[in-house]
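Lettering follows sequence order; numbering is per chain, from 1. Values below: every heavy atom of this structure, side chains too, minus hydrogens, waters and symmetry copies.
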Amino acid sequence: MKAYDHKKIELKWQKEWEKNKIYNAPDKSPKPKYYSLIEFPYPSGDGLHVGHPRPYIGMDVISRKKRMEGYNVLYPIGWDAFGLPTENYAIKTKQDPRVVTIKNVKNFTRQIKSLGISFDWSREINTTDPKYYKWTQWIFLQFLKKGLAYKDKIAINWCPVDKIGLANEEVVAGCCERCGSPVEKREKEQWMLRITKYADRLDKDLDTVDFLPHIKLAQKNWIGKSEGAEIDFKIGKNMVKVFTTRPDTIYGATYLVLAPEHELLSKIKSEVTNWNEVQMYQLAAKAKNELDRTKEDKDKTGVELEGVTATNPATGEPIPVWVADYVLANYGTGAIMAVPAHDERDLEFAKKFNLPVVEVVTPDGILINSGRFDGLKALETKQKITDFVGGESVTRFKLRDWVFSRQRYWGEPIPVIHCADCGIVPVPEKDLPVELPKVKNYEPTEDGESPLANISKWVNVKCPKCAGKATRETDTMPNWAGSSWYYLRYTDPKNSKAFADKKKLDYWTPVDWYNGGNEHTTLHLLYSRFWHKFLYDLKLVPTSEPYKKRTSHGFILAQNGEKMSKSRGNVINPDDIVARFGADTMRMYEMFMGPFDQAIAWSEEAIIGPRRFLERVWVMGARVNEAPQAQQNRVRVGAPGERVKRRDFAVPATLNKLIKKVTEDIDSMKFNTAISSLMIFSNEKSDSISKEEYEIFLKLLAPFAPHMTEEIWHALGNKSSITLAPWPKYDPNIVSNEEIKIVIQVNGKVRGEILALPDVAEEALKAQAMALPAVAKHIQGLEIKKMIYVKGRLINIVI
RNA sequence: GCCCAGGUGGCGGAAUUGGUAGACGCGAUAGACUCAAAAUCUAUUGUUGGCAACAACAUGAGAGUUCGAUUCUCUCCCUGGGCACCA
C-alpha cells in the first residue's frame, strides 16, 4: 500500500457507496429497525461552517455502529428551506427564492456528501416543495376542522424592521430574535393554534420519554404547569375571581390586586372615587412595551381603588383593592389575593404602600391566625380551605396559544378562503396544495400585509361553498410548520395519497434517537410533539410521542471562543479542512475535540493529532498486509497447553476491554474517550499486531473514519464493505490474568506499588507492602492503627 | 432574582458505587534522520526546592465528613446558557 492519500480514497468510496446504495434503508427487512434523526438544516446562502456537521457526524457514528450491529437503520436528510434569510436575500438580489433555495441546497448537498455521512439520500425532502407542503397544509386543515386553528384579534409581537409578527418564543428580552430590534405590540387578526389544549399532556408525557434531564426541565418550565384554586372575592355587588397556588394562606390575604386591563374596572367605575387617577394608570401601563417592562427592574407601581373594598371570604373582613401592573392580565384570572407575609412580590408592594402584613404560616409550615384551621399543616390544608371559601381547584399553564400566521411571502400559504357569505372556508383537499404564486416583488408592505395580498389574480377566487366572490388568505405559515412533522415524511417521502403510508409509519416510528440543538427545546421540539399528539388523536400515527430519546450537542465556536458567524469574519469552512486533512480527519477531530454536548472552540493546531493517528493506523495496516500469510493468521492467545484451532481466534483481554469501552462510549456519546482509547491501543500495539486483532480494531474505528478503514479493509482482502461487517462483540467474563498494580499508601499518600495477581491473598500482600523500603521508611517506629485493603486497588496503612 | 450546566497543567480535556489527579491529543524542550528545512521517530514536560534520590504543594475559595475527597455535605466566588413580576 502506498502512503495515505485521503484525496484518492475518500471520493472513490463515496461514489462506491452511493452506487451500491448501502445507506438506503429498505421499508421491509428481517432486521430490527432503528431510526436516527438530526435536525434538518436550513440551507442558507453562506454554506456550512465546521459547526454544522458536528451533530451529523455524531449521529452518523451511532448510525454506522447500529448498522454493524445488525439494525435496519434509517438516517435521513432534508431541507427546512422556508424562512426569512432566503426571502431577504431574494429581495436584495431580486431573485426568485425558489432559485436561491435550489442553489443553496446544491451547495449544502455537495458539502455534506464530502464528509461521508451515511444519509439515505433517496429520502431527501424539502419543505418548500409543493409536494411536501401540500401535506403541511393538509395537516393545518385537520387542525381547522377540529377547532384547534382559529383566527383571533390579538396584540401580537411586531418587529418593525422585519415587518413580521412573532411568536412569544421568538421574542428575546423584548427584542426580535432575528434582528435584535425592539418589538412593538400590534393588534392584528392572526391565525392561532390551540397548543394550550395539549399543555397538560405535553407536560405529563415527558415522563414517558428518554430526554436528557435538562431538556425535560426546560420544557416543563416553559409549559409552566401550576395547580391552585380559583376563589371568588366580593367587591360591592360584583364578584372577582382570583387565582392562587396557595389557597391555604387566604387568612393572610390583606388586599386584592387587579391587572390594569381587568374588565371589572370599567364596571365599577362609578363607585371608584379616584377614577381619574386609575384611568391615568391604565393608560400608562398600556403605553409600556415589553422592553420597558423588563428595564424597569420590577419597581412596583399601583393605585388604590378608593371608595370600594373587597371581602376576604375566609375572614369576612373588608380589604382594600388595588390596580397594579405587576399582576398580569393574561395569566390566571388577571386578579390576585395578595399575601404579603408569604409572597415576595406582595411583600415588596405592601411595604411600598404601607399595607398590612399578617403571618399565617410558621417557618415549619403550620397554620396560625387562620381561624378553625390553626395548627394544621398548611400545604395539606389547600383543598379544605378551597372548599371552605367556595373555591374551585384548577390547573393553569404559562404556555400560550401559538401565533401561526406570518405576513410574508416565503412560507406555506394558509389554505383557507374568505367568503363574505360563508365566512372562513377551508380549501377543499382536492385543490391542495395551494401553491405560492410567482410575484415580481417579495417585499412586505408597510401596513403589514403579506406580499401575496397584491396579486389580485391569485387572491380573487370563487368560494368553494357558494361559488360567490371570495378571496384567499394571504398569510403564510411560520417556518416551524414544515419542521413539525418532517420526521414522519421521511418514512414515505414520495407518497401522493397521504402524508405517509400507515404501514410505513407503523414500521419506522417513533424516532429512536433524535439529536439536536438546545435552542430548539422550547420551540421546534415542543411544537412537533404537539403536532404529533394531534395526529395521534386522529389515529394517523401509531404513538403518542414522536421521539423516544433526545440528546443535544454543543456548538463549535471560533478559535477565540466567539460565536462563528459571517459578520464576525471568523467562519471556518469545512471544504478547506476536507481538502487539507480529509473528511476522516475532520470527523475524528470533531468527535475528539471535547465532550459532544459542550460548546468548544475550534483549534487550527489540534486537528493534526487525529490526522497523525490515522496515518499510524494506515502504516500499521500496510505492515499487517505485507506480513507473511502464516504470521497473519497466527493465533496469539489460548490457555496454556490448550490446543487452539487456527480459525478460532481468541480475543485477547486488552482488545476485549477496548471493544467494551468503544461500544459503551459510542452508546453514551462519549466519542472523545472512545477515540482516546483507540489511540492508546494503537500506541501499545504499534510493533506487533495480528491480522485478526487489527481487523477488529479497524471495525471499531470504522464509524469514525469510514473511508480509510474501508480502503484498508479491502486491501486486506475483504470483498464486502466494512460498513456491513458485524460489530465486534466483547466477552464480559474475560478477566485479565495479567498482574495488576496495587498501590500502597501511608496515611493516604502513595509510597509504593506492588505487582500481584488479582486473586492474591490479602495477608501476604499486606506483609509485602510493609516490607517495601519506601513504605518501611514512613512507618518505622510508629504504631499502625489500621490497614485498609481495597481489592485489586490499594492498601492504605494508617499510622 | 430564579432555574440549568460548568470551573482540573501553557491549551482542549481524562478520571463515579469516594481509592495512584492530569489519560489521550495539541503545544513546548532536547536528541536521531537530513547538506538544510519540513515530515517522521525517541525522550522529557503540573508547580516549587534539590545534581539526584526525594520531598512539599496542587482540581475556583473556605469549612466539614472520611483511613482516603476532582468525586459527598455546607457557605461563598466566577463563567456560560435559559426564564424573567406566571400569583
**Student:** Would you please name every residue forming a side chain to side chain contact (heavy atoms under 4.5 Å, CB included) with A/Glu615, sequence neighbours left out?
**Tutor:** A/Tyr4, A/Arg611

**Student:** If we check side-chain contact (heavy atoms from CB on, under 4.5 Å) with A/Pro313, which of these qualifies: A/Ile385, A/Ile250, A/Asp232?
**Tutor:** A/Ile250

**Student:** Which heavy-atom pair separates A/Arg396 from A/Thr333 by the least distance, and what is that distance?
**Tutor:** NH2-CG2, 4.0 Å

**Student:** Under 3.5 Å, is there a donor on one side chain and an acceptor on the other for A/Asn796 and A/Tyr789?
**Tutor:** no

**Student:** Distance only, no hydrogens: is a donor on one side chain within 3.5 Å (strictly under) of an acceptor on the other, for A/Asp665 and A/Thr673?
**Tutor:** yes

**Student:** When all nucleic acid strands are considered with a 4.0 Å heavy-atom cut-off, which category describes A/Ser677: base, sugar-phosphate, or nothing?
**Tutor:** nothing

**Student:** Distance between the C1' atoms of B/U17 and B/G27, in whole angstroms?
**Tutor:** 37 Å

**Student:** Tell me, which stems hold RNA chain B, with a stem being 3 or more Watson-Crick or G-U pairs in a row and both distances under 3.5 Å?
**Tutor:** B:1-7 with B:77-83, B:10-12 with B:24-26, B:27-32 with B:40-45, B:46-49 with B:54-57, B:60-64 with B:72-76

**Student:** Give one of base, sugar-phosphate or nothing for A/Val743, where a contact means two heavy atoms less than 4.0 Å apart.
**Tutor:** base

**Student:** With syn defined as a glycosidic angle within 90° of 0 and anti as everything else, classify B/G9.
**Tutor:** syn

**Student:** Remember a base hit wins even if backbone is also touched, and classify A/Glu344 as base, sugar-phosphate or nothing at under 4.0 Å, heavy atoms.
**Tutor:** nothing

**Student:** Once side chain to side chain contact (heavy atoms under 4.5 Å, CB included) is applied, do any residues pair with A/Thr663, and if so which ones, sequence neighbours excluded?
**Tutor:** A/Lys65, A/Glu69, A/Ile659, A/Asp667, A/Trp727, A/Tyr730

**Student:** Pick the P atom in B/C77 and in B/U40, then give their distance to the nearest Å.
**Tutor:** 48 Å

**Student:** Rounded to whole angstrom units, what separation is found between the CD atom of A/Glu684 and the P atom of B/C24?
**Tutor:** 9 Å

**Student:** Grab the CD-C1' distance between A/Gln745 and B/G19 for me, whole Å please.
**Tutor:** 6 Å

**Student:** Among all residues two or more places apart in sequence or in another chain, which pass the side chain to side chain contact (heavy atoms under 4.5 Å, CB included) test with A/Phe555?
**Tutor:** A/Glu519

**Student:** Taking the P atom in each of B/A36 and B/C24, what is the distance between them to the nearest angstrom?
**Tutor:** 32 Å

**Student:** Side-chain donor-acceptor pair under 3.5 Å between A/Thr301 and A/Tyr326, yes or no?
**Tutor:** no

**Student:** Go through the structure and list residues passing side chain to side chain contact (heavy atoms under 4.5 Å, CB included) with A/Pro55, not counting sequence neighbours.
**Tutor:** A/Asn515, A/His553

**Student:** Sequence neighbours left out, what passes ring pair (Phe, Tyr, Trp, His ring centres under 6.0 Å) with A/Phe697? Give chain and number order.
**Tutor:** A/Phe681

**Student:** Specify the separation, in whole Å, of atom CD1 of A/Ile607 and atom C1' of B/G25.
**Tutor:** 13 Å

**Student:** With a 6.0 Å cut-off on ring centres, are A/Phe349 and A/Tyr255 close enough?
**Tutor:** yes

**Student:** Taking it one step at a time, do A/Lys7 and A/Asp5 satisfy salt bridge (charged side-chain N to carboxylate O under 4.0 Å, His left out)?
**Tutor:** CA-CA 6 Å; A/Lys7 285 191 178 160; A/Asp5 179 357; over 6 Å; no

**Student:** What is the distance, to the nearest angstrom, from the CZ atom on A/Phe704 to the C1' atom on B/C24?
**Tutor:** 13 Å

**Student:** Taking OH from A/Tyr326 and C1' from B/A84, how many angstroms apart are they, rounded to a whole number?
**Tutor:** 17 Å

**Student:** When you check the side-chain N and O atoms of A/Tyr527 and A/Thr522, is any donor under 3.5 Å from an acceptor?
**Tutor:** no

**Student:** Between B/C72 and B/A14, how far apart are the P atoms? Round to whole Å, please.
**Tutor:** 16 Å

**Student:** Taking any heavy-atom pair under 4.0 Å as a contact, classify A/Ile336: base, sugar-phosphate, or nothing.
**Tutor:** base

**Student:** Pairs under 3.5 angstrom, nitrogen or oxygen only, protein versus nucleotides 39-43 of chain B, please.
**Tutor:**
{"from": "B/U40", "atom 1": "OP1", "to": "A/Arg612", "atom 2": "NE", "distance (Å)": "3.1"}

**Student:** Pick base, sugar-phosphate or nothing for A/Asn683, based on heavy-atom distances below 4.0 Å to the nucleic acid.
**Tutor:** sugar-phosphate

**Student:** Nearest whole Å is fine: how far is B/U20 C1' from A/Ile744 CD1?
**Tutor:** 11 Å

**Student:** Does anything in residues 746-753 of chain A come within less than 4.0 Å of RNA chain B? Heavy atoms only, and list the residues if so.
**Tutor:** A/Lys749, A/Val750, A/Arg751

**Student:** Answer yes or no: side-chain N or O of A/Lys785 and base N or O of B/C67 forming a donor-acceptor pair under 3.5 Å.
**Tutor:** no

**Student:** Quick one: salt bridge (Lys or Arg N to Asp or Glu O under 4.0 Å) pairs with a partner in residues 589-606 of chain A, sequence neighbours left out?
**Tutor:** A/Arg580-A/Glu604

**Student:** Below 4.0 angstrom, N of the basic side chain to O of the carboxylate: do A/Glu684 and A/Arg616 qualify?
**Tutor:** no

**Student:** Let me know the distance between CD of A/Glu604 and P of B/G27, rounded to the nearest Å.
**Tutor:** 12 Å

**Student:** Measuring centre to centre across the rings, with the benzene-like ring taken for any Trp, is A/Trp602 within less than 6.0 Å of A/Tyr589?
**Tutor:** yes

**Student:** Rounding to the closest angstrom, what is the interatomic distance between B/U45 and B/A52 at atom P?
**Tutor:** 13 Å

**Student:** Atom CD1 of A/Ile788 and atom C1' of B/G18: how far apart are they, to the nearest Å?
**Tutor:** 12 Å

**Student:** Need to verify one output field. Residue with the more 5' nearest nucleotide on RNA chain B, A/Ser603 or A/Asn330?
**Tutor:** A/Ser603

**Student:** For A/Phe596, check ring pair (Phe, Tyr, Trp, His ring centres under 6.0 Å) against everything at least two apart and list the hits.
**Tutor:** A/Phe671

**Student:** When you measure from the side-chain N and O atoms of A/Thr522 to the phosphate of B/C83, is any distance below 4.0 Å, counting only OP1 and OP2?
**Tutor:** no

**Student:** For nucleotides 12-16 of chain B, give me every protein contact, N/O to N/O, under 3.5 Å, one pair per line with atom names.
**Tutor:**
{"from": "B/G12", "atom 1": "O2'", "to": "A/Met593", "atom 2": "O", "distance (Å)": "2.6"}
{"from": "B/A14", "atom 1": "OP1", "to": "A/Asn672", "atom 2": "ND2", "distance (Å)": "3.1"}

**Student:** In whole Å, what separates the P atom of B/G7 from that of B/G12?
**Tutor:** 12 Å

**Student:** Indicate yes or no: does A/Glu762 engage A/Lys766 in a salt bridge with an N to O separation below 4.0 Å.
**Tutor:** yes

**Student:** Write down the distance separating the C1' atoms in B/A63 and B/G25, rounded off to the nearest Å.
**Tutor:** 37 Å

**Student:** Please give me every residue in residues 209-217 of chain A whose heavy atoms get under 4.0 Å of an atom in RNA chain B, ordered by residue number.
**Tutor:** A/His214, A/Leu217

**Student:** What does A/Thr245 touch in the nucleic acid at a heavy-atom separation under 4.0 angstrom: a base, only the sugar-phosphate, or nothing?
**Tutor:** sugar-phosphate

